[in-house]
Amino acid sequence: MTPLALFLCASASLLVPVASQDIFSNRESFSQCLALARKIHSDVYALLSKYKEEHIGSKSFEDYSLVMTSLPTINLHYSTWLSMEDSERLLINLKDLHVFWIHVDAKRIYELESMPQSSLAQNMEDVLLDMRDLLFQMKHQLEFLETPAPETLSQSVPDALLNPQNEWLSKLQGYIILRDLERYLGKVVRDFTLLRTKYQK
């Protein structure tokens with residue numbers, strides 16, 4: 001099976017439930033999701049540091065002028081965030097994290113092709129599995145908040161990500177994806193902190 005076919009199969013099964021997720025329901029799941037979001041945030045932070053060291057050459061490398069327009073917007077004004085409904089925050093997070101999932105998975109496949117022995121690909125897969133569980137739990141939370149969750153989510157991925165012009169560009173893409181995901185997860189942790197406070201008194 002080609003790498004692209006593997007990618008599409010993995011994306012198609014992203015929101016398929018797993019048996020262990022049956023225990024997460026209603027109010028109790030907010031604390032579980034907060035703990036999982038914190039874990040993913042910590043794992044992505046460590047993965048980003050490792051990625052920069054191995055592919056960019058320095059753990060301290062930072063360049064916020066580098067952007068990918070296919071990634072979700074991270075900056076959200078605090079007043080806008082406060083005015084949003086809980087279900088609206090959850091729905092946006094669900095859709096945005098799915099986009100990040102697709103990008104990380106595409107980069108994982110590229111990593112396997114270019115460096116089959118790299119441990120980075122396994123680290124990415126571990127993060128993807130946790131993100132899949134979090135996304136599925138978020139669908140249940142939307143149901144609890146009486147908001148219909150999308151049955152399917154977009155699986156499109158930029159061609160420039162699947163076929164980068166050169167090796168250095170590919171490395172920079174991976175940096176941008178992990179950097180923005182780490183920042184976005186900070187917002188997700190904040191959202192779940194609020195939800196736990198509101199619904200688990």
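The figures that follow rest on heavy atoms only: side chains count, while hydrogens, waters and symmetry mates do not. Residue indices begin at 1 and follow the sequence shown. For clarity, every value in this text was computed on a predicted model and none was experimentally measured.
Aromatic rings from Y184 and F100 are positioned such that their centres are separated by under 6.0 Å. For Y45 and H41, the ring centers are positioned 6.0 Å apart or more.
Aromatic ring pairs are classed by plane angle as parallel below 30°, tilted from 30° to 60° and perpendicular above 60°; the pair H98 and W101 is parallel.
A cation-pi geometry, defined here as NZ or CZ lying under 6.0 Å from the six-membered ring centre and within 45° of its normal, does not hold between K139 and F136.
For M138 against L90, the heavy-atom pair with the smallest separation is CE-O, 3.6 Å. When every heavy atom of S31 is checked against every heavy atom of R196, the shortest pair comes out as OG-CD, 3.1 Å.
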- Worked check of side-chain hydrogen bond (donor to acceptor under 3.5 Å, both in side chains) between Y51 and E111: CA-CA 11 Å; Y51 186 94; E111 185 79 16; 5.1 Å; no
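Rounding to the nearest 0.5 Å gives a distance of 13.0 Å between CE of M124 and CG of D43. Note that CD of Q137 and CG of L94 are 12.0 Å apart. Values are rounded to the nearest 0.5 Å.
One side chain, D126 or Q122, offers a donor N or O that lies under 3.5 Å from an acceptor on the other.
Between K52 and E62, at least one side-chain nitrogen of the basic residue sits less than 4.0 Å from a carboxylate oxygen of the acidic one, meeting the salt-bridge criterion.
Crowding of F61 atom CZ: a count of heavy atoms from other residues, nucleotides or ligands under 6.0 Å exceeding 12. Within a 6.0 Å sphere centred on NZ of K50, other residues, nucleotides and ligands contribute more than 12 heavy atoms.
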